[in-house]
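Have a look at the structure below, then the notes.
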Number of protein chains: 2
Amino acid sequence: MERITLSDVAEAADVHVSTASRALNEASRSVVKPATVERVLAAAERLGYRPHPLARGLRTSRSLSVGVVIPDLQNPLFGPIIAGIEQSLAPEGYSVLITSARPGEKEAVENLVDRRVDGLILATAQRSDQVIERLAEQKTPTVLVNRHVESVDVPSVVGDDHLGTRLAVDHLVEMGHTTIGHIAGPAHLSTGLARRQAFEQTMHDYGYRVLIEDADGFQVAPGEQATGRLLEREPGITAIVAANDLIGLGAYRTVRSLGRTVGTDVAITGYNDVAMLDLMEPPMTAVRVNFRRMGQMAADTLLARLDGRSVDPIILLEPTLSIRASTKGG
Amino acid sequence: MERITLSDVAEAADVHVSTASRALNEASRSVVKPATVERVLAAAERLGYRPHPLARGLRTSRSLSVGVVIPDLQNPLFGPIIAGIEQSLAPEGYSVLITSARPGEKEAVENLVDRRVDGLILATAQRSDQVIERLAEQKTPTVLVNRHVESVDVPSVVGDDHLGTRLAVDHLVEMGHTTIGHIAGPAHLSTGLARRQAFEQTMHDYGYRVLIEDADGFQVAPGEQATGRLLEREPGITAIVAANDLIGLGAYRTVRSLGRTVGTDVAITGYNDVAMLDLMEPPMTAVRVNFRRMGQMAADTLLARLDGRSVDPIILLEPTLSIRASTKGG
DNA sequence: GGACCTTATGCAAACGATTGTAGTGCGCTA
DNA sequence: TAGCGCACTACAATCGTTTGCATAAGGTCC
């Protein structure tokens, strides 16, 4: 099955290839006689013509594709983000090139830039990041998602960590808790830091003591260990705000191993609300971040930048709170 | 920052662009004088030349990219699959175009074919599928992952459902169970059917009764309902083999709501072993499918096809069994 | 020392589109 | 009827590569 090219269409419509091109392109269509447009369109339709994106891209130096760099594709967070990105981009004719940052973020980005993507969406930024600075210098349209970089003005789409943390604390306070601890995530990641600061501030506003212990990572085991340290130091704690869900599940384990019950003895909140949290025992209350929506907004922001429209440097996504048994005292 | 093109390199090395091209391409390098190769390579290095994939693709009609179609990016299964695909393809210089089958599988595939991907990996196949048949006719290199289509000979990489199901049943029998039920997945998906048949066969081999109830989908709620029907019909059941993890978790719910205990009263096994199953209460025994590896194998198979090498029509991935408390009787 | 092969390079045509510019034919005006 | 503008379309260059073919220089053979 041979591919139909523009000149096939032109020949069939008995016009020059350039005329065919103009007839097919919305923008330039106005300069060609309506009757001719009709003929070209009919021929294209009849032959089943599909434009060749590579050839077009070569000429127009636009590939109609965007690159997405993900630190760890295994992380269930990124599925929804990618889904959201895809959903926003596909209708505009853009394709999505996915790359893992595995060998290295720099290599991943270089590879995508080599491929002449029109823009980039990065989910990998550390709080400061040379790769992103370079990208900003070269004026490569870039949007960050779920991370914020302070040093350069690349727009980022992030959850409102301050609001989210406050939702969790407010809820716990409402349930009668006053001695509330926080298991913080790594401070070199923007979400780790932001949630920690938000916790400090909120507790300060309430006039309660600020009790924090750092987990070495956003994983179950570090959460388990950090919770152990915190409860040993401050046995009076009745509620724990975890910096993410996995840390929260680690806290579950520690609380249990101390012979206490999650929900009644110690309330625990997670953050992100990944799938299956409602299936835990007890189901875990968590700040819910709509990652699909986050992906959509990142894609929309990138589209705006590609259009030359100016965009807010930081787009906040409002989280909600999914209240479940882990904070309801059985 | 202007892009460096091949003719820049050629000029710098004081050779014709065609010579530069030959010097840079492994395959044709042998025809150009070693000293010249040296000069060209040096110039390319010095200028930081990066070839333009679109231009190359236009000429060679290879895009060095493959398309991946995923039915539902939200499903945590696909993260690891994509990770595996990416891991195998990236070192070979291929990029991965991800598309959701959301608007429609046909549209997704057409879009990718328009973009001139060199090959396709589909995770979306129903048991019979016209889109795939068309692809096979057009000889577009295609590999299926986690699904098998009977009607055409497109290679598929799938978990060995027969083995996996047998692992689960064997384990349950070993634990002393004889009255074992199966909650089957939808029969129009190959995994649903295969696991059901494997269960029938295995139970038949053991000489036990075959007790099966169909769930309307691979989700928690259908699993919960189907388990309810099964236990009502056959109250003597002491163990349940679920067609996937979520169905298994649905079974958890039903068992609990009947006032019985998972693990001691009724053993339950899941299938796939998605993340966080070990964090359930009780942790769930499940047949573990290595989806990352599955993605890798799909990518490797596609690479083989692209190389013109012939490949097995069906590649089986051996599952293992992750034994946890849900089958250990507390 | 001319025919001939080998080796290394240059030339130019592709690949399939887009787009600035030139040209054609027509009707209109003076 | 010559001149002009207008509407339309054709020509050709271009994007950055790859690649068949021509060409040039140098070496070998008889």
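What you see below is based on every heavy atom in this structure, not just the backbone, and it leaves out hydrogens, waters and symmetry mates. In this text, all values refer to a predicted model and were calculated from it rather than measured experimentally. Every chain is numbered from 1 and lettered A, B, ... according to where its sequence line falls, protein lines coming before strand lines.
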Side-chain donor/acceptor of B/R56 to base of D/dT17, under 3.5 Å: no
Closest to the A/P34 side chain, choosing from C/dA17, D/dT17, D/dC8: D/dC8
5′-ward residue of the pair A/H52/B/V15 relative to DNA chain C: B/V15
Heavy-atom neighbours of B/E318 CD exceed 12 at 6.0 Å: no
A/D8 CG to C/dC15 C1', straight-line distance once rounded to whole Å: 13 Å
Whole angstrom value for the distance that separates P of D/dT17 from CG of A/L54: 13 Å
The single option from A/L24, A/L6, A/V32 passing side-chain contact (heavy atoms from CB on, under 4.5 Å) against A/V40: A/L24
Protein-nucleotide distance (B/N25, atom CG; D/dT19, atom P), rounded to Å: 7 Å
Any donor-acceptor N/O pair under 3.5 Å between C/dC11 base and B/S18 side chain: yes
Residue A/R22, side-chain atoms from C-beta onward, closest of D/dT17, C/dG20, C/dG10: C/dG20
Shortest side-chain distance from B/L58, nucleotide among D/dT9, C/dC15, C/dA17: C/dC15
Separation of atom OH in A/Y49 from atom C1' in C/dT18, rounded to whole Å: 10 Å
Whole-Å distance separating the CZ atom of A/R39 from the C1' atom of D/dT9: 11 Å
Other residues, nucleotides, ligands: >12 heavy atoms within 6.0 Å of B/E38 CD: no
Sugar-phosphate, base or nothing in reach of A/P53, heavy atoms under 4.0 Å: nothing
side-chain contact (heavy atoms from CB on, under 4.5 Å), paired with B/Y94, selected from B/L64, B/I85, B/V117: B/L64
Distance in angstrom units between A/E11 CD and C/dA17 P, rounded: 14 Å
Distance in angstrom units between B/R29 CZ and D/dT19 P, rounded: 14 Å
Phosphate OP1/OP2 of C/dC11: any B/H16 side-chain N/O under 4.0 Å: yes
First encountered from the 5' end of DNA chain C, between B/A55 and B/K33: B/K33
Separation of C/dA17 P from B/R115 CZ (nearest whole Å): 14 Å
Out of D/dT17, C/dA8, C/dG16, whichever nucleotide has its closest atom nearest the side chain of B/T5: D/dT17
Sugar-phosphate only, base, or nothing, as touched by B/R50 at under 4.0 Å among non-hydrogen atoms: sugar-phosphate
A/D14, CG atom: more than 12 neighbouring heavy atoms under 6.0 Å: no
Among D/dT17, C/dT9, D/dA13, the one nearest B/V31 by side-chain distance: C/dT9
Sugar-phosphate only, base, or nothing, as touched by B/T60 at under 4.0 Å among non-hydrogen atoms: sugar-phosphate
Sugar-phosphate, base or nothing in reach of A/T36, heavy atoms under 4.0 Å: sugar-phosphate
Name of the residue among B/V157, B/V143, B/L144, B/D160 meeting side-chain contact (heavy atoms from CB on, under 4.5 Å) with B/I315: B/V157
Selection from C/dG10, D/dC15, D/dT19 that lies nearest to any side-chain heavy atom of B/T19: C/dG10
